[in-house]
Amino acid sequence: MKRTGYCGTWRAAHVGQTVTVAGWIHRRRDHGGLVFIDLRDYTGMIQIVIHPEASTELEAMAHVLRSEDVCEVTGLIEKRPPETENKQLPTGQVELLAASVHRLNAAKTPPFVLDEAETVAEPVRLKYRYLDLRRPAMQANLRLRHRVTTLIRDYLNGQGFIEIETPILTKSTPEGARDYLVPSRIYPGRFFALPQSPQLYKQILMVGGCDRYYQIARCFRDEDLRADRQPEFTQVDLELSFTDQEEIFALMEGLMGRLFREVVSRPLTTPFRRLTYQEAMSRYGSDKPDLRFGVELHDVGAIVKGSGFAVFDRALEQRGVVNGIKAPGLAKLSRRELDEWTQAAIGWGAKGLAWIKVTADGYDSPIAKFLPADRLQRLRAEFDAKPGDLLLFVADAEAVAHAVLGQLRLKIGGLLGVTKSDQMAFCWVTDFPLLARDEDGKRLVAMHHPFTRPVDDDLQWLDSEPLRVRAQAYDLVLNGSELGGGSLRIYQRELQQRMFDILGVSPERAGERFGFLLEAFEYGTPPHGGIALGLDRLVMILAGAESLREVIAFPKTQRAVCPLTDAPGEIDRQQWDELHLRIDAAT
RNA sequence: GGGGCCGUAGUUCAGCUGGUUAGAACGCCGGCCUGUCACGCCGGAGGUCACGGGUUCGAGCCCCGCCGGCCCCGCCA
């Protein structure tokens, strides 16, 4: 007998109907002469009433059913007797009087109770993910994710985009993250790489006249994990021909507007705020500022210059900066807590952390005695500081001061409780630098990627002052997390070649790695650009989840293994041989 | 690679200053129960205290190592 409806759908209007339902036994309440069963599927639960004396079959079933057994029940939808309605359940006005109960499959006792209240350790949940996924919260997350991807496809289809798949077995690109590699059986010693993003393919699609492409694309990066980082993750990847930044911004704002309105009923204000990279760094100390709260950085170099406080003076002499931030109401932090903050600041690269508590009758600070009264007064005015406020200062190279105060700003936001608020503060960060020095300061590396188009007006500095050149690159930031990023791309062979030169990629190597792209550029390439959004992060935020693992059906642990399948696993001797592989005896 | 927190029953946890037989709740098993919905009542089973070593008369507890989990830094164009 095929089911006639889902468990969670029955209402008073269905009273009198004979129906068949199927699902899992959520709970059994056995009164001996009367047995209640909550039958569950993803839509919810219906209470089944079994009178064991009604038939030998029912008597047999009533007492043997156990949690998570899979059952099919046929019977009559009845109105519950008054006083026994359950207002907690959407189906609580009715119950299903069982005429027959079939146990389709018995279940072992589950390792944990599938109850929302129960907090089960993640390793257990992941090992028995199939049980975890039956929980309403996980069902809600997966179904939310489905609604998001459905809406994204619908929106982009409506904007003239087509979805195109690009290869998973592709070629390693030395720049960027570590690649996941797949050995070639046919070519000993050669490897495919799994894509870190479909970047090159989508540019080739633009050359190929596809005009507007998108893909819900799986990407792979063999780097260490975080709560918001998985080794394989999903990007909403898109690329447009004959476009510009404004068009891409409007497109994304339209998409976000629809997503938040239609999926979580949260209207957004568009257009989103825009900040240049410079502005984001100097005001918020981050290229992904959390704009749910103010608390901005201030450059106080002019105020403290020549004040006689050696720490500040020395930093300024060495072409550094003195920046500060106000922590409203946090003068109540203890000396010990401030010591911890100082240690944290040192951990982020600062040499120390200067602080001033503004009190009712002056200042409480280890550095106040080094600063003349008028300077203290000007500092206080700069921050509009009131008694009870705390001022924090970092004197260092500009990049260090920004980074450290940016981190402290987030700590302050956390203490003020603003990062827990449910507002959605989007912004665009624009005008990223094209290039940055790599960690040893020798080489130049692409800040975004080597295919990013420089700002036209800045091309003049490409050789003389490369670090001054801005990129036509932009990030979409939500509540301090990077939701996506993109750029307009280089579409002329000569400029692309110049970029490789600047990045120290020899023509031979460029040809070997990206020859197909350079050659494609010679056959009529439209100006193009695009963006990629982190789908997992987007869904995580929409779901209000704390970790990506809550919105991915089968995530990896922090050590990049799958607890369900135990991947990565060993392979057979024969597979080693076929792939011409041998493991280093030392390991 | 580094820092932090954690690992005790199927699950979530407690376990004092190192001291006799390691506890609770939920779950599980058995019995009773005709209006429950986290049903109730009675009874019961269930432990390699992650693992290895050390200190000690004695270790769940202290020390060292190691494995695993989570969070963070580095890393992630």
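So you know, we letter chains A, B, ... as the sequences are listed, proteins then strands, and number each from 1.
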Return the nearest nucleotide to the side chain of [X]; candidates are [options].
X: A:Thr84; options: B:C75, B:G69, B:U36; result: B:U36
X: A:Asp30; options: B:C71, B:U34, B:C33; result: B:C33
X: A:Arg221; options: B:U12, B:C76, B:C71; result: B:C76
X: A:Arg559; options: B:C75, B:G35, B:G68; result: B:G68
X: A:Glu95; options: B:U12, B:C37, B:G35; result: B:G35

Show your working on side chain to side chain donor-acceptor pair (under 3.5 Å) between A:Asn479 and A:Ser481 and close with a plain yes or no. CA-CA 6 Å; A:Asn479 294 353; A:Ser481 110; over 6 Å; no
Please state the [atom1] separation for the pair [N] and [M] - nearest whole angstrom.
N: B:C61; M: B:U56; atom1: P; answer: 16 Å
N: B:G58; M: B:U20; atom1: P; answer: 15 Å
N: B:G35; M: B:G40; atom1: P; answer: 15 Å
N: B:G18; M: B:C75; atom1: C1'; answer: 43 Å
N: B:G7; M: B:C13; atom1: P; answer: 9 Å
N: B:C73; M: B:C29; atom1: P; answer: 45 Å
N: B:G52; M: B:G60; atom1: P; answer: 13 Å
N: B:C63; M: B:G1; atom1: C1'; answer: 25 Å

For [X], answer base if it contacts any base atom (sugar-phosphate contacts may also be present), sugar-phosphate if it contacts only those atoms, and nothing otherwise; contact means non-hydrogen atoms under 4.0 Å.
X: A:Pro123; value: sugar-phosphate
X: A:Arg28; value: nothing
X: A:Thr452; value: nothing
X: A:Gln558; value: base
X: A:Pro450; value: base
X: A:Ala121; value: sugar-phosphate
X: A:Glu53; value: base
X: A:Met45; value: nothing
X: A:Gln230; value: nothing

Hey, are A:Glu68 and A:Arg27 close enough for a salt bridge, meaning a charged N less than 4.0 Å from a carboxylate O? no
Is it true that A:Arg537 and A:Glu482 make a salt bridge, defined as a side-chain N closer than 4.0 Å to a carboxylate O? no
For residues A:Val400 and A:Gly349, report the shortest heavy-atom separation together with the two atoms involved.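 Closest pair (atom of A:Val400, atom of A:Gly349, distance): CG1-O, 3.5 Å.
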So, is [X] close to the [N] phosphate, meaning a side-chain N or O under 4.0 Å from OP1 or OP2?
X: A:Arg226; N: B:C73; answer: yes
X: A:Thr557; N: B:G69; answer: yes
X: A:Arg66; N: B:C29; answer: yes
X: A:Arg29; N: B:G40; answer: no
X: A:Arg549; N: B:C71; answer: yes

Taking 5.5 Å and 30° as the limits, would you call A:His51 and the base of B:U34 a stacked pair?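 The ring of A:His51 is not stacked on B:U34.
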Under 5.5 Å between ring centres and under 30° between planes: does that hold for A:Phe112 against the base of B:U11? no
How would you list, by chain and number, every residue that makes a side chain to side chain contact (heavy atoms under 4.5 Å, CB included) with A:Val49, sequence neighbours excluded? A:Leu34, A:Phe36, A:Gln47, A:His51, A:Glu95, A:Leu97
Interatomic distance, [X] [atom1] vs [N] [atom2] [rounded to whole Å]:
X: A:Leu96; N: B:U36; atom1: CG; atom2: C1'; value: 16 Å
X: A:Arg135; N: B:U12; atom1: CZ; atom2: C1'; value: 14 Å
X: A:Asp179; N: B:C75; atom1: CG; atom2: P; value: 18 Å
X: A:Glu340; N: B:C72; atom1: CD; atom2: P; value: 19 Å
X: A:Lys127; N: B:G69; atom1: NZ; atom2: P; value: 13 Å
X: A:Leu114; N: B:C26; atom1: CG; atom2: P; value: 19 Å

Got a donor-acceptor contact below 3.5 angstrom from the A:Arg28 side chain to the A:Leu65 backbone? yes
With both distances kept under 3.5 Å, what pairs with [N], Watson-Crick or G-U wobble?
N: B:U56; answer: none
N: B:C13; answer: B:G23
N: B:C76; answer: none
N: B:G40; answer: B:C32

Taking atom types as modelled, find out whether A:Thr170 and A:Tyr201 have a side-chain donor-acceptor pair closer than 3.5 angstrom. yes
Between the base of [N] and the side chain of [X], is there a donor and acceptor pair under 3.5 angstrom?
X: A:Asn86; N: B:C37; result: yes
X: A:Arg229; N: B:C76; result: yes
X: A:Arg80; N: B:C37; result: yes

Both A:Val445 and A:Ser547 contact RNA chain B. Which one's nearest nucleotide lies toward the 5' end?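 Taking each residue's closest nucleotide, the earlier one in sequence belongs to A:Ser547.
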Could you pick out which residue, A:Gln47 or A:Ser67, lies toward the 5' side of RNA chain B when each is mapped onto its nearest nucleotide? A:Ser67
Aromatic centroids of A:Phe220 and A:Phe233 separated by under 6.0 Å: no
Contact between A:Pro231 and A:Leu225 at the side-chain level, heavy atoms closer than 4.5 Å - yes or no? yes
